[in-house]
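Below, chain A is the first sequence line, B the second, and so on; all start at residue 1.
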There are 2 protein chains.
Amino acid sequence: MSKHPPSMRDVARRAGVSLSTVSRVMRGVPGVAPAVRERVQEAAAELSYVVSRNASGLVTGRTGRVAVLVPFLQPWFFGSVLAGISDGLQRAGLDMLVYQVGELRRQPGWTSALPLRRNSDAVITVAMDLSAEECGRLDEVGVPLVLTGQCLPGRAGVFIDDRQGAAKATRHLLNLGHTRVAYIGSEGGSWRGRSSRNRLEGFQSTMVDAGLAEWSVLSTPDHRGGELAMGELLSDHRPPTAVLTEFDDIAMGAHRTLRRSGIPVPGAISLMGFDNHEAAAVLDLTTVDQSPRAIGASAADLTVKILAGEDPPDRHVEMPTRLILRQSTSAPLLSE
Amino acid sequence: MSKHPPSMRDVARRAGVSLSTVSRVMRGVPGVAPAVRERVQEAAAELSYVVSRNASGLVTGRTGRVAVLVPFLQPWFFGSVLAGISDGLQRAGLDMLVYQVGELRRQPGWTSALPLRRNSDAVITVAMDLSAEECGRLDEVGVPLVLTGQCLPGRAGVFIDDRQGAAKATRHLLNLGHTRVAYIGSEGGSWRGRSSRNRLEGFQSTMVDAGLAEWSVLSTPDHRGGELAMGELLSDHRPPTAVLTEFDDIAMGAHRTLRRSGIPVPGAISLMGFDNHEAAAVLDLTTVDQSPRAIGASAADLTVKILAGEDPPDRHVEMPTRLILRQSTSAPLLSE
DNA sequence: AAATCTGTTGAAAACGTTGCCATAGCGGAC
DNA sequence: GTCCGCTATGGCAACGTTTTCAACAGATTT
């Protein structure tokens, strides 16, 4: 066995045909005699040869790769979206390049620091909350751009209606009979800008529509922040009977504070999250599901369609949110 | 602006130099006059040109990409390891290709279904628990292989001592004074084969060394399984006073069962997990930390070193485990 | 029997980059 | 003033594919 990986030429020699024929077989294009085709496939298998995307990309102009941009990789949410994207791309025979741009993003020209230009066929962003200007810079790369977790006019994207999701959650609490409902949101600076605002608005407008005072506090975007914010709410002279949080991590922090304070959930205080974190089930946390994996899969499908040239009519895919009822919400105590 | 991405030729024309010079500048090799160098960089910036890895890889034989193989993408653990790998690779200017091979793996020849051959410079596996045979097949690809989460003789890898970690956890419980300690492990079929066995062995040997009966039950590898297994333990005629689980998800399920049964933790039963799941902090779960992000970063560094040709003496990196003491463990009740 | 057509195959020119070799300058030593 | 050595630059052949076009055989038509 030669020490260098086999090339198409090696396969051609082994099968006793020309380069062109091997190329045709490998791409599965018609116009090759069945006997020859089989012989070539056999030779390729024996050498365990695979086509070099590098070389083929050079001439076709396609790399067979899609770049996925995520702010961070650690939070569970991104793993789920990536899983969906991976599924979709794999089905289409595309590879997935993942770039974690959290740190990088502070630099003004970060978009050109990424070797996207000739190295991927499309770019999918995951919950990046891009500004119009950043989008424009990515456009310059010259490949299709598909957004996830945000909705920008005229741009392909997959997203949920955060506003409606939060409204749904709020209404659930109101329907149970709560009137003193507080909201814990994350303060700016996190990677969820627009989505954050939308959820807050969904809460606020529902409260206002119901003729109730809207009441919200801010926290850092992690469970630690939820703990502190909950403590703050408990120190109010009339604490809320129900609390909605911007996402599950915050709710989980709040849950901890309640548990430590010996306040029964949902007995004294009903608690709701948002996202359906994998750990939410364990905490029996009522929440709003947004199935990130489906979002990812949908984004991948959209990308594949765009790459195939079939410009789909609905370049905006809105994924549904579902209320997941668990044991952390109930009607308020009658004494109230 | 031309509709096609700029090539090195365009930059050369704009800067009034030859292709070779541009190539030298882009690669940062010495032997170019400072004035010319600056002029070329300027021209490249104006065209927002980036080198095509496709083309350069074709001649250098290096792709500038590393393939990362994970069984699944969804569980939090993989996101963390990927984050670490991404950090390390980014620092070295390498791109990260991610392949989710969970489903694919059932097929016997799955390793050749991946376009690794000429498309990546190295392969990192994450908690794949590969057999020697599978490793051999990946060797055939002809690129360095770095394992993560498993230790195979003669192979580069980063891992933790699962056995010792479990032993450490068990000893913690014994030191608290517990004598009836049960272990909930996952039954086979999950992606954690060797690691699973090692943790069990660590528990068993520590118990035996202490002259105590080892007592373990199996569950499915998720929190659901933990719930059921805990229920099973509670129905014993003399339930345990402490429970160690193979990993945090199981512990979180067990915690739920305890909470629902009104059994105080750690009052009546002490509970321990393993892994330091991001949600473990919220549950106040005592656990064993294995900082997956550091594992990933370490694997990436190792890979970069191997690619640089400097064969590091310690191709086996053992990462430390740390006991994280929280509020889910305490001494058993005196009445026992 | 000549002409046309159809289906298969091979030869050669791209693609965008890097590596090697040649060459043009230019300063200093003889 | 010639020769040497040095540095900065350009030219050209790779790299491994795809693509276009031409060539060829055999079958069918005229």
State whether B/Glu42 and B/Arg14 are salt-bridged, where the test is any N-O pair (Lys NZ or Arg NE/NH1/NH2 against Asp/Glu carboxylate O) under 4.0 Å.
->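 Salt bridge between B/Glu42 and B/Arg14, a charged N being under 4.0 Å from a carboxylate O: no.
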
If I take atom [atom1] in residue [X] and atom [atom2] in nucleotide [N], what distance separates them, rounded to the nearest angstrom?
X	N	atom1	atom2	answer
B/Arg27	C/dC20	CZ	P	10 Å
A/Arg13	C/dG10	CZ	P	14 Å
B/Leu19	D/dG11	CG	C1'	10 Å

Using a cut-off of under 3.5 Å, enumerate the N/O to N/O pairs linking the protein to nucleotides 23-25 of chain D.
none

Taking the side chain of [X] as heavy atoms from C-beta outward, which of [options] is closest to it?
X	options	answer
B/Ser20	D/dC12, D/dT17, D/dT20	D/dC12
A/Met8	D/dT17, C/dA11, D/dG10	D/dT17
A/Arg24	C/dG10, D/dT9, D/dT18	C/dG10
B/Val17	D/dG10, C/dT18, C/dG10	D/dG10

Report yes if some heavy atom in the side chain of [X] is under 4.5 Å from a heavy atom in the side chain of [Y]; otherwise report no.
X	Y	answer
B/Trp76	A/Gln74	no
B/Val66	B/Met96	no
B/Val126	B/Leu69	no
A/Glu318	A/Phe159	yes
A/Met8	A/Met26	yes
A/Leu130	A/Cys135	yes
B/Val101	B/Trp110	yes
B/Val304	B/Ile306	no

With a cut-off of less than 4.0 Å, is there a side-chain N or O of [X] near OP1 or OP2 of [N]?
X	N	result
A/Ser7	D/dG16	no
A/Ser18	C/dA11	no
A/Ser23	D/dT18	yes

Restricting to nitrogen or oxygen on both sides, can you table the protein-nucleotides 4-7 of chain C pairs closer than 3.5 Å?
none

Give the intermediate values and the outcome of side chain to side chain contact (heavy atoms under 4.5 Å, CB included) for residues A/Leu97 and B/Arg65.
-> CA-CA 9 Å; A/Leu97 277 170; B/Arg65 282 181 288 264; 3.9 Å; yes

Can you list, by residue number, the residues of residues 43-61 of chain B that have a non-hydrogen atom closer than 4.0 angstrom to DNA chain D?
->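 Going residue by residue through residues 43-61 of chain B, the ones with a heavy atom under 4.0 Å of DNA chain D turn out to be B/Leu58, B/Val59.
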
Side-chain donor or acceptor of A/Asp87 paired with backbone N/O of A/Ala297 under 3.5 Å |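 No.
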
